[in-house]
Amino acid sequence: MKARKAKPAATRSALTHLDSDGRPAMVDVSAKAATAREAQAECRVRFPAAVAAQLRASGLRSAKGGIVDTAIVAGTLAVKRTAELIPFCHPLPIDGCRIAIDWLDENALRIECRVRTTHRTGVEMEALTGATVAALTVYDMCKALSHRIVIGPAKLLAKSGGKRDFGGAA
């Protein structure tokens, strides 16, 4: 096996999950102080107009049950298991998780996930995972009505408590 050449310093410093040889590595956070951290993410689910009308009429219930409640439970479970899904995420104690789901417009749901911890690293990936898995659960519960349901975009809205804050107050 051929040895890899080290990447230029500018590239190495931009990506934190690469070691000095350019190989994947979990970031060592042992020297960081534990601080209160929070992140907020969202994901959207867009339905064909007829499906959205049907879901509104049913109070967001499908043959499988309550769509919103099931998606909240699935998203919360995903937040707690993010480190099992994303290879370089640190297992974190989750101090709080709130998932809100509501209509964004006539045909789309907005799923917001807010996660809190007191630890050495942030919870951006947990918030993104929670919002996205909740959206996937909505899709799963509604796919019998249409396969033209669109998930996304998923995006980080805000984070606070680490080296640098992002977005509005999380």
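For reference, positions follow the sequence shown, starting with 1.
Applying the side-chain contact (heavy atoms from CB on, under 4.5 Å) test to Arg56 and every residue at least two apart in sequence or in another chain returns Trp103, Glu106.
Side-chain contact check for Ser62 versus Leu145: every heavy-atom pair is 4.5 Å or farther apart. Pro24 is listed as a side-chain neighbour of Phe88, based on a closest heavy-atom distance under 4.5 Å. Within the 4.5 Å cutoff, no side-chain heavy atoms of Gln40 are placed close to those of Phe166. Under the 4.5 Å side-chain criterion, counting only non-hydrogen atoms from C-beta, Leu109 is in contact with Leu60. Using a 4.5 Å heavy-atom threshold, the side chains of Arg114 and Glu38 count as touching. At a threshold of 4.5 Å between non-hydrogen side-chain atoms, the residues Arg46 and Asp105 count as touching. Val123 places a side-chain heavy atom less than 4.5 Å from the side chain of Leu92.
Considering every non-hydrogen atom in both Asp165 and Ser160, the closest pair reads OD1-CA, 3.1 Å.
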So Thr121 and Val27, side chain to side chain contact (heavy atoms under 4.5 Å, CB included) or not? Walk me through it.
-> CA-CA 10 Å; Thr121 188; Val27 173; over 6 Å; no

Test side chain to side chain contact (heavy atoms under 4.5 Å, CB included) on Asp140 and Lys64 and set out the steps.
-> CA-CA 9 Å; Asp140 180 56; Lys64 293 183 177 184; 3.4 Å; yes

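Around atom CZ of Arg98, no more than 12 heavy atoms belonging to other residues, nucleotides or ligands sit under 6.0 Å away.
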